[in-house]
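Structure first, then comments.
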Amino acid sequence: MTQQATIPDTAKVAGGVVLPTLAGGVIKRRPRVMALAERLQLDRPAIGLLRGLHARYGAGPLLLRVPGRSIALVLDAQDVERVLTNTPAPFHPAGFEKRAALNHFQPHAVLATKSTEREPRRRYNEAVLETGHDLYSLADQARTVVREETERLLADATELDWAAFNTAWWRIVRRIVFGDAARDEHAVTDELARLRLRANWAFLWPKAGRAQQSLQRRISELLDRAESGSLAAKISELPTEPGIDPAGQVPHWLFAFDAAGMATLRTLALLATHPRQAARAHADLDDPALPYLRGCVLDTVRLWPTTPVLLRESTTATSWHGTQLPPGTTFFVFTPYFHRDPEAIPFADGFDPQAWLDGRAEQHPALVPFSDGPAKCPGENLVLFVTSTMLAELLRRGDYRLMSPQALSPQRPLPATLDNFGLRFAAEPKAASPK
């Protein structure tokens, strides 16, 4: 039976789970807060708190005592599966909090759409991003982009840190999305970053209407160029239904690529500190599909979710273990709890890419690095292609020793929180091997 948390337990969830997540930046990460979160390992006590609530209250969902709101904390893996599988009805992804945040920079994107326009926009995103395709049609062009930018990144480099990596990453993203001429169009991604920082405050911060219009104008101008081999070219070729707003979908693609960059450098940190997995990854380099490296990225996102909270809002009354919850209930899924629960996941605190290749990960329905169900990230395959391709180029062209932090080791549990901004490697470039 669904129970209601006590006021003290609700306060613990607010202070130990919600507040640290919001402080770190849900839409755009805050580097100083992330550094502090890593130092204090804030995700570890949050995971422990939810495990304790599960033991005390049962499977849930657990109703939190929030005045004027119905908020249910999901504590059971099967309930995660139910909520995500039954999206958008009766569990809609465009809840109040999410729309308040995303409307700062992508008011017409599918995740912020609650009206009848959602399904056409979803279909459009899937068509452009080729959801479900094993190999992206623009793979050859994208490989060239990644190879060129990775070569420039490592040229004469003795160290690799977030700043250098991130500059190269965004050059790759802009070239893939808009075309080669957009390589150094920093203004579009910088303006998006500023709006995303405002979006961290959701409804507590006024929208910057002029900045939002400026961003849309920049995106539209870049899309009008429609360079061959880019997503912009695909947009120019695809017919659109009324209300789609193709340019309005692009900010979310850029938003998702930001998280993908974080995952890529974290994966390199794991490969630099886990010799067995690194050897297996090197053996994978001759396979164009790079399945093992894709597994590496998936397990990195499992270990440190780039979307730590999944929210769904019920559109009708729903029944849970004999209790009915009203329409408008917000269901709160804290993904680190499900990804790192040692009682449920045998490989919870280890780096196990093989789990995504041998079927073990599929046995756990709450392992959702790219969400799940009908609202699952439509760009998952594209993101995994770009991230694994860049990792392959990094491995071909360099040897890496992780200098900071010192906590990653196959001999002990991996940290619950890892600050991507603080990653720093000693890099020894080597000649690229023939492909």
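For the 3.5 Å distance criterion, the side chains of W253 and N125 qualify, holding a donor opposite an acceptor. A donor-acceptor contact under 3.5 angstrom links the side chains of Q106 and H252, judged on distance only. Residues R312 and T330 have side chains that never bring a donor and an acceptor to within less than 3.5 angstrom of each other.
Here L394 contributes atom CG and E151 contributes atom CD; the two are 12.5 Å apart, rounded to the nearest 0.5 Å. Of the inter-residue distances, the one linking L271 atom CG with C296 atom SG reads 4.5 Å to the nearest 0.5 angstrom.
A salt bridge links E393 with R396: the closest approach of a Lys/Arg side-chain nitrogen to an acidic carboxylate oxygen falls below 4.0 angstrom. Using a 4.0 Å cut-off between a side-chain N of Lys or Arg and a carboxylate O of Asp or Glu, R82 and D79 do not qualify as a salt bridge.
Residue T300 forms a side chain to side chain donor-acceptor pair (under 3.5 Å) with just one option from T267, T264, T306, and that option is T267. With Y337 as the fixed residue, the side-chain contact (heavy atoms from CB on, under 4.5 Å) test singles out one of L49, L53, L50, L73: L50. Each of R174, R175, Q141, R171 was evaluated against D180; a single residue qualifies, R175, per the side chain to side chain donor-acceptor pair (under 3.5 Å) test.
Cation-pi geometry between R302 and W356 is not satisfied (NZ or CZ under 6.0 Å from the ring centre, within 45° of the ring normal). A cation-pi arrangement is not found for R196 relative to W201, the charged atom failing to lie both closer than 6.0 Å to the ring centre and inside a 45° cone about the ring normal. A cation-pi arrangement is absent between R225 and F178 under the rule of less than 6.0 angstrom and at most 45 degrees off the ring axis.
Among residues two or more places apart in sequence or in another chain, the ring-ring contact (aromatic ring centres under 6.0 Å, His included) test is passed with W162 by F165, F421. Every residue was checked against the salt bridge (Lys or Arg N to Asp or Glu O under 4.0 Å) condition with R401, not counting sequence neighbours, and none meets it.
Remark: the backbone N or O of A199 is not paired with any side-chain donor or acceptor of K28 at under 3.5 angstrom.
The number of heavy atoms from other shown groups lying within 6.0 Å of CZ (R276) does not exceed 12. For E428, the CD atom sits in a loose shell: 12 or fewer heavy atoms of surrounding residues, nucleotides or ligands are nearer than 6.0 Å. The number of heavy atoms from other shown groups lying within 6.0 Å of CZ (R152) is above 12.
Using a 4.5 Å heavy-atom cutoff, the side chains of T85 and D372 are not in contact. Contact annotation: the side chain of L40 never approaches that of T417 to less than 4.5 Å [non-hydrogen atoms, C-beta and beyond]. With contacts defined as side-chain heavy-atom distances shorter than 4.5 Å, the pair L111/P93 qualifies. Side-chain contact between K234 and L138 is present, with heavy atoms from C-beta onward closer than 4.5 Å. Annotation: side chain of P405 is in contact with side chain of L402 (closest heavy-atom distance under 4.5 Å). Within the 4.5 Å cutoff, the side chain of P308 has heavy atoms near those of the P336 side chain.
Aromatic ring orientation, W320 versus F91: tilted (interplanar angle from 30° to 60°).
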